[in-house]
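Below: the structure, in structure tokens.
Just the heavy atoms: all of them, side chains too, but no hydrogens, waters or symmetry mates, feed the values below. The chain is numbered in sequence order, starting from 1. Order of appearance sets the numbers: ligands from 1, and atoms from 1 within every ligand.
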Amino acid sequence: MMVKTRLIFTLYTVYGILFKAMATKGKARGASGQYPLVQNLTVTEGGTANLTCRVEYNDNTSLQWSNPAQQTLFFGDKKALRDNRIELVHASWSELTISINDVTLSDEGMYTCSLFTMPVRTAKAYLTVLGVPEKPQINGLLNPALEGDHITLTCITQGSKPAADLRWFRNEKEIKGAKEVNASGKTFTVQSSLQLHVDRNDDGVAYTCKVDHVALTAKPQQATEVLEVHYAPQVEIIHSLAVPQEGQFLKLECVSKGNPLPDPVIWTKDGGELPDLDRMIVEGRELTFTSLNKTDNGTYRCEASNLLGTNSAEYVLFVYDTPTTLPPSTTPPLHPNPADHTVLLGTHASDPALTGDRDPNAVGQHGTDHALIGGVVAVVVFVTLCLIIVLGRYLARHKGTYLTNEAKGADDAPDADTAIINAEGNHAHTEEKKEYFI
Ligand SMILES: *[C@@H]1O[C@H](CO)[C@@H](O)[C@H](O)[C@H]1NC(C)=O
Ligand SMILES: *[C@@H]1O[C@H](CO)[C@@H](O)[C@H](O)[C@H]1NC(C)=O
Ligand SMILES: *[C@@H]1O[C@H](CO)[C@@H](O)[C@H](O)[C@H]1NC(C)=O
Ligand SMILES: *[C@@H]1O[C@H](CO)[C@@H](O)[C@H](O)[C@H]1NC(C)=O
Ligand SMILES: *[C@@H]1O[C@H](CO)[C@@H](O)[C@H](O)[C@H]1NC(C)=O
Ligand SMILES: *[C@@H]1O[C@H](CO)[C@@H](O)[C@H](O)[C@H]1NC(C)=O
């Protein structure tokens, strides 16, 4: 085969020289501009390389393409090398274009176009073949990893030429890895590694390795791995009432995170089992009291465990009396909005500061007296107001602004008074009021 090719090549070369000799015979004209022109070429592996050789002025002298191994590919429009991938695209006195389909890395090299003048003129075109990087692979993943583990993720891609670049992303955000490039044959193996000290925030995080390469214009190559991290539970108790009173409904929710998810959680009271399962209902992570009783006072603990450990949170319940009489409708609410889901952990749950100056007991017993005193004071104030209004009208003849100010005060008075009465002994308020009316 080789010998045959060589033979054909030699024959064509000889033929070319003879042909040229005949063609130029008797012509005295100089061969200015009669030389071949070619261009370097870069093609991606698997693509098609069109090798074009042009001559500006030509007297029908033959053109020839030969490969880096000096084998003739085409002599004019005649195929010389038996290779199905190589085809003639265009042959004329001014151009010889051939194509190499399905280019491989071994096609790379210096191709020669020869014009068989005397002497032979040549032009060299370098064919560069780009190696397409393979889809990257991520190794080193421990699934699941345990919190505190040190792991090294490596991303590797082979077959790139020139060497590819690898980039790491943690949930779309780029992070820096350590790159290493090794040559293997004509292509490169590129590896990038990430050192991770795993914690619970890495649970469910996607690590992506992307390949950047000149041969990857359309379809980016990338690989993604999602990290799973196991960690011990984290527990807190959320309560539905800030000031629990007898007879009320109370819900305690044990919010526990952890991987694997701790399930179920365990509720205890003062270190023992829940005493009254008729009124204390455990459902999933929730403990509900259908109707609070003073005997429910105590420390409630929620405990969650998984393979990695156990954790708990505490809530100290202190049940207040219900007021015996309903306070006047103008009284501010005795307890904050029940929808107040402030998270209180452990022993801080029934912080006395929250409840101290709002003792429902006191309000309950003295409510009636206050109402009586309130009525008397209201009458006195009303009379005073009437006087002020009369006085105000008199003054208004001189100063219009007085009238408006006094009238405003009069409108606000009934509400403000009730407030004074209910918060008995609050002298600051009374003084404020005085200033207001003067
Ligand atoms: C090569 O030439 C063929 C035929 O003219 C053309 O269809 C093709 O697009 C060319 N390829 C390149 C890469 O220039
Ligand atoms: C080239 O050859 C063709 C015929 O093969 C002939 O008609 C033409 O005149 C020739 N051109 C030159 C410049 O010799
Ligand atoms: C073509 O490639 C060769 C080899 O890489 C280089 O020496 C030459 O300068 C290039 N020619 C052009 C025109 O780029
Ligand atoms: C690169 O070569 C070094 C030394 O031969 C070797 O230790 C390393 O594992 C190689 N890396 C890759 C990604 O092949
Ligand atoms: C609280 O419990 C005690 C004893 O179980 C019971 O006698 C009492 O009636 C209960 N109080 C309320 C308000 O349910
Ligand atoms: C529960 O707390 C209340 C305070 O409102 C107190 O009066 C009651 O005696 C306590 N009950 C028990 C059983 O500790």
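Salt-bridge annotation for D321 and K294: present, with a side-chain N of the basic residue lying under 4.0 Å from a carboxylate O of the acidic one.
A donor and an acceptor atom, one from each side chain of R285 and S256, are located under 3.5 Å apart. Looking at N58 and Q34, their side chains do bring a donor and an acceptor atom within 3.5 Å of each other. Side chains of T48 and N101: a donor-acceptor N/O pair is present below 3.5 angstrom, by distance only. With hydrogens and angles left out, the side-chain atoms of T288 and E286 include no donor and acceptor closer than 3.5 Å.
In this structure, atom 5 (O) of ligand 3 lies nearest to the protein heavy atom Y126 CG, 4.0 Å. In terms of protein heavy-atom proximity, atom 12 (C) of ligand 5 is nearest to N293 ND2, 3.5 Å.
Taking any N or O of E180, backbone or side chain, at least one lies under 3.5 Å from an N or O belonging to ligand 4. Of the polar atoms of N40, at least one N or O is found under 3.5 Å from an N or O of ligand 3, judged by distance alone. The shortest N or O to N or O distance between N182 and ligand 4 is below 3.5 Å.
Around atom NZ of K257, no more than 12 heavy atoms belonging to other residues, nucleotides or ligands sit under 6.0 Å away.
Distances from atom 7 (O) of ligand 4 to the protein include no heavy-atom value under 4.0 Å. Counting protein heavy atoms under 4.0 angstrom from atom 2 (O) of ligand 4 gives one or more. For atom 14 (O) of ligand 5, a protein heavy-atom neighbour is present inside the 4.0 Å cut-off.
Aromatic pair Y300/F289: centroids less than 6.0 angstrom apart.
Interface atoms of ligand 4 facing Q191, defined by a heavy-atom separation under 4.0 Å, are 13 (C).
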